[in-house]
Amino acid sequence: MNKNIKKSLKKNKYNYGFYTKIKSKTFPLGLNSKIIKRISKIKNEPEWMTTLRLKSYYYWKKNKKKYPEWANLQYKKLNFNKISYFSGIKNKKDKRIIKTFDKLGLPINKRNNTVSIDYVFDSISINTTYNKILKKHGIIFCSISEAIIKYQKLIKKYLGSVVPYYDNFYSSLNTAVFSDGSFCYIPKGIKCPIDLSTYFRINNGKIGQFERTLIIVDEGGSVSYLEGCTAPIRQNNQLHAAVVELIALKNSKIKYSTVQNWYPGDKNGKGGIYNFVTKRGICKKKSKISWIQVETGSSVTWKYPSCILEGDNSIGEFRSISLSKNYQQIDTGSKMIHIGKNTSSLIISKGISTNYSKNTYRGLVKICKSAKNSKNYTQCDSLLIGNKCSTYTYPNIISMNKTSKIEHESTISKIEEEQIFYCNQRGISKEKAMAIIVSGFSYNIITKLPLEFALEAKELLNIELENSVG
Amino acid sequence: MLKIKNLYSSINNTLIIKNLNLKINNGEIHILMGPNGSGKSTLSYIITGKPKYKINKGKIIFCKKIINTLSPDKISKLGIFLSFQNPIEIDGITMFNFFKNIKKKNNLKKIYKLCKILNIDKKDLYRFFNLGFSGGEKKKNEILQMLILKPKFIILDEIDSGLDIDTIKLLFKIIKHYLKNNPKCSLLIITHNTNIIKYIIPNRVHIIYNGSIILSGNSELIYRIEKNGYYSLIKKKHNDK
Ligand SMILES: Nc1ncnc2c1ncn2[C@@H]1O[C@H](COP(=O)(O)OP(=O)(O)OP(=O)(O)O)[C@@H](O)[C@H]1O
Ligand SMILES: [Mg+2]
């Protein structure tokens, strides 16, 4: 992690909270079919895409009353007419963009041999690095906007195939107005030689960011994908509503890691990003999808990365650490839908709550009649720091056959004073002791992240924690 | 080195240490014995600054500095080490990782060497801290940390409970070796084991009862404890009054 960022994070600041003054084209507030057509036009989209957007929009409008309220969250309802649905900078080569990402510790021009990065700034993708080596393997990694024009066949076949526009309130909205995100296609038998990564940055104060990502791994291929996010500090709440779809074809593997660090609001709970995300993958025969997430940001998080285990012998995994502080609210978990035979899934969710925050695990494990000999193991551990925070667990388990096995374990613990004192007695400060204990608590998640990400995640957890107890 | 004057201390509003006085000079070895629940571990916690242990009255002076109100990590940094009666476990943190946290300059080679001396399997360094370790192994880990931290003043709270003969011998050999190399270092041994003098010769022996030290003497006192038990000594003391 960038040294400067580290330094001022230590000073209890959200250091990614700066704003870049830059010329951009921002749409007027509000949503109507004209706005949608404009978005589509500015992106030079083919007509079928415009049609899909409009269809989603009308669907969304018709079902607007079905605003999701079932989550264990309390927040001011969003006014969808006070959001701008598009903001794109005029010149992608503007030096200030390069500077912004430099400041975030993600230099665009410095070559990194282990990862290829797609940079998304507000509504558009700025740059995708390291494209050449990927091309050599026939791998496609570009912005979704580019893919919609260049790879229409793949997009038509797969976009919305896992998360259709009518899936839920935010998937309708997202399909109508999505701005940018990443597209990735790994051809048959290719193991992607480097990690692929997208970095989402919200800069403009009034826009909603509607990320759309689609990852397709063809038979026998594999990829490791990383997602990171930040936003400036603001008084008002901003919306990030993403849809991510993963398609794992026969014998393929997808590992999707997220370190989510959106601006969480200030000490009193003012401001911050509303992060409402639909992430879902489909697993064909013998394929495997692993979701790994580290959540430290957002004022409100609503997110359930899921797997549909359609193919026989496929595997779905979900590993998550969420650290909530101040007045943050996190409602997260996973859904594992077993359809194929001998499918297996694993859910490990670890929540750490401090201050006044609220941390909820919500999960669904559904084993359909056809999913003979399937198994699931779920483990939810919560760690409470202080006595004003709260933690909730809502596991939902449905098994429709007798040959499957479901195990569920859950624990709630407090950081023990004895452990802290022991560390103190060895000369370790209280804050450091907490960090050690929490890092132990998160061990089996962090170690699953790609190496570079793991270090960053660990650092982030430690610093966030020091801030919240210090 | 350490001087405790008229110490009164309580936890949860229960007075546990009552008018306790103790003085340990540089390079001295003291043994503290007393019945279960008499306040031995409590005393070690108060010296090391454990939160919630309130000092109602009195002073604890270490190397001429009053340490009553210092935080436990600061007290540790002054050079006071406590080997715990019941060391805790930490899930997800390897032994080696923990050792690196207590002293930055630790290198693997050095720790391997210490492991060899203590007869600890190197592989244990990659297990999680004390998790699933046997009672004796945990005690060895305490001494390992002592050797890493190089303290000036050491409290051993029942280091010898539950250890096999060979391990007791080994640990005291190592401790004595450490004292030889650090002649100013002092030692307070809390034990129930009168055989202790087979392994180490104390300068003084104290009996604590109901939160105060009621009798002190040289190693000969241990024989009297062994022969008569605490209660006759305590009674005698009362009668003397
Ligand atoms: N948190 C607490 N609240 C109330 N009483 C306590 C607390 N901690 C210790 N005590 C009491 O203080 C007394 C002294 O306990 P301590 O552990 O110091 O005894 P000890 O001499 O070390 O005994 P042992 O030989 O069994 O280890 C005991 O009566 C114990 O119950
Ligand atoms: Mg004791």
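Within every chain, numbering begins at 1; the chains are lettered A, B, ... in the order of the sequence lines, protein sequences first and strands thereafter.
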Region of Lys52(B) in contact with chain A, defined by heavy-atom distances below 4.5 Å: side chain
Examine whether an atom of Ile75(B) lies under 4.5 Å from a heavy atom of chain A, and if so say whether it belongs to the side chain, the backbone or both; otherwise answer neither. neither
Glu317(A)-Ser290(A) side chain donor-acceptor pair, cut-off 3.5 Å: yes
Where does Pro87(B) contact chain A at under 4.5 Å (heavy atoms): side chain, backbone, both or neither? both
Trp291(A) side chain to Ser306(A) backbone, donor-acceptor under 3.5 Å: yes
Is there a donor in the side chain of Thr332(A) and an acceptor in the side chain of Gln293(A), or the other way round, less than 3.5 Å apart? yes
What part of Asp91(B) is in contact with chain A, defined as an atom under 4.5 angstrom from a non-hydrogen atom: side chain, backbone, both or neither? backbone
Would you please say whether a donor-acceptor pair under 3.5 Å links the side chains of Ser76(B) and Asp73(B)? no
Identify which part of Phe81(B) has an atom lying under 4.5 Å from any heavy atom of chain A, answering side chain, backbone, both or neither. both
Using only heavy-atom distances, determine whether the side chains of Asn359(A) and Ser357(A) contain a donor-acceptor pair under 3.5 Å. no
Bottom line for Tyr422(A): the part with an atom under 4.5 Å from chain B's heavy atoms is both
